[in-house]
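Comments concern the structure below.
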Amino acid sequence: MEGLNNLFMDATEKEAAILGELILHRFLTKGILKSRFCVLTNKRVYVGGTYFHNTDGAYRIRKGEYTIDVRDITSSGFSTVRFGGVFLLEVLFVILLSILTGFFLLFVQAVDHIYFGLDAIIWNCTILLIIGLVAVPIFFYFSPFRIFVIEYTGGKIAFLSFGYLDDDFRMFQRELFKVKDACLDPSSQRPAPADAANFEKKENTT
């Protein structure tokens, strides 16, 4: 991809896999970054855009660019998580819905001359509020968000995972561990034959 090498720390790095290729292309060509991308090379993982970061046991939304050395990655896979901010938004939505229901009943009463009575309106809104406040924790507990996690020394990087993207995440994971295995393979770190010969020659001269 044109301009991709400008993203890498080392000019010798080679692309191995990309998550969010279209998003990355827009970022490299137009500077537009509205979602997230993740690029794997033979040395590092480059994350850009909006992602979840966990360094102290809690996931927080972050936006920007982040780089992880492949050798520091310890695991990856699918998990589930619950966000407290989403729970708060759901509670506020129930409260707002209850209030709007009360105003709607008052409006119907004024326009259509259907008398509900203020006490009846308040009672109906209270019942709606109670049902909503009971339903929200149940829904929150049984409907966690599914995420794809890359765990590394010191923290975790995560992305929301949807069913139609699972194959992409699994492909990325396979390539990630191929790269990691190559980094950990002692044979890949052995000196080249010419270098080995020079090394033996130096040993013989000492």
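Since this is a predicted model, take the numbers as computed values, not measurements. All values below were derived from every heavy atom in this structure, side-chain atoms included, with hydrogens, water molecules and symmetry-related copies excluded.
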Inter-residue atom distance Ser79.OG - Lys156.NZ, 0.5 Å rounding: 7.0 Å
Validation row: Ile121, Leu106 side chains within 4.5 angstrom (heavy atoms): yes
Smallest separation among heavy atoms of Cys38 and Phe172, with atom names: SG-CZ, 3.5 Å
Residue pair Leu160 / Phe169: nearest heavy atoms and the distance that separates them: O-CZ, 3.8 Å
Inter-residue atom distance Tyr46.OH - Ile18.CD1, 0.5 Å rounding: 12.5 Å
Heavy-atom neighbours of Phe104 CZ exceed 12 at 6.0 Å: no
Connected via hydrophobic side-chain network under 4.5 Å: Ile61 and Phe148: yes
Arg60/His53 under side chain to side chain contact (heavy atoms under 4.5 Å, CB included): CA gap, chis, key distance, verdict: CA-CA 5 Å; Arg60 294 177 176 83; His53 198 192; 5.7 Å; no
Minimum-distance pair of heavy atoms, taken over all atoms of Leu97 and Thr101: O-OG1, 2.7 Å
Interatomic distance, Cys125 atom SG to Ile95 atom CD1 [nearest 0.5 angstrom]: 13.0 Å
Aromatic Phe78 / basic Arg146 pairing, under 6.0 angstrom, 45° off normal: yes
Heavy-atom pair of closest approach, residues Val45 and Leu176: CG2-CD1, 4.2 Å
Other cluster members, Leu89 - Ile/Leu/Val/Met/Phe/Trp/Tyr, side-chain contacts below 4.5 Å: none
Parallel, tilted or perpendicular: rings of Phe83 and Phe52 (30°, 60°): parallel
Remaining members of hydrophobic cluster (4.5 Å side-chain criterion), Leu100: Leu96
Thr153 backbone acceptor or donor facing Thr74 side chain under 3.5 Å: no
Heavy-atom side-chain proximity of Ile157 to Arg62 below 4.5 angstrom: no
Check: Lys43 and Val70 side chains under 4.5 Å, non-hydrogen atoms: no
Euclidean distance, Ile131 CD1 relative to Ser98 OG, rounded to 0.5 Å: 9.5 Å
Distance, nearest 0.5 Å, that separates CZ of Phe177 from OG of Ser75: 6.5 Å
Pairing residues for Asp72 by the salt bridge (Lys or Arg N to Asp or Glu O under 4.0 Å) criterion, not counting sequence neighbours: none
Beyond-backbone contact of Val47 with Phe159, side-chain heavy atoms, under 4.5 angstrom: yes
Co-membership, hydrophobic cluster, residues Phe139 and Phe142, 4.5 Å side-chain: no
CA sep, side-chain torsions, deciding dist, call: Ile150, Ile73, side chain to side chain contact (heavy atoms under 4.5 Å, CB included): CA-CA 7 Å; Ile150 299 175; Ile73 294 175; 4.0 Å; yes
Polar side-chain atom of Gln109 near backbone of Gly117 as donor-acceptor pair, under 3.5 Å: yes
Cluster link Val136 to Leu128, ILVMFWY, side chain under 4.5 Å: no
Working for side chain to side chain contact (heavy atoms under 4.5 Å, CB included), residues Arg82 and Phe87: CA-CA 8 Å; Arg82 297 174 180 85; Phe87 177 76; over 6 Å; no
Phe8 six-ring centre to Arg44 NZ/CZ under 6.0 Å and within 45° of normal: no
Trace of the side chain to side chain contact (heavy atoms under 4.5 Å, CB included) decision for Phe145 with Val86: CA-CA 10 Å; Phe145 289 92; Val86 173; 3.9 Å; yes
Least distance between heavy atoms, Cys183 atom then Arg71 atom: CB-CG, 4.2 Å
Heavy-atom pair of closest approach, residues Gln173 and Ser76: OE1-O, 2.7 Å
Gap separating the CD1 atom of Ile122 from the CG atom of Leu105, nearest 0.5 angstrom: 11.5 Å
Lys14 backbone acceptor or donor facing Asn42 side chain under 3.5 Å: yes
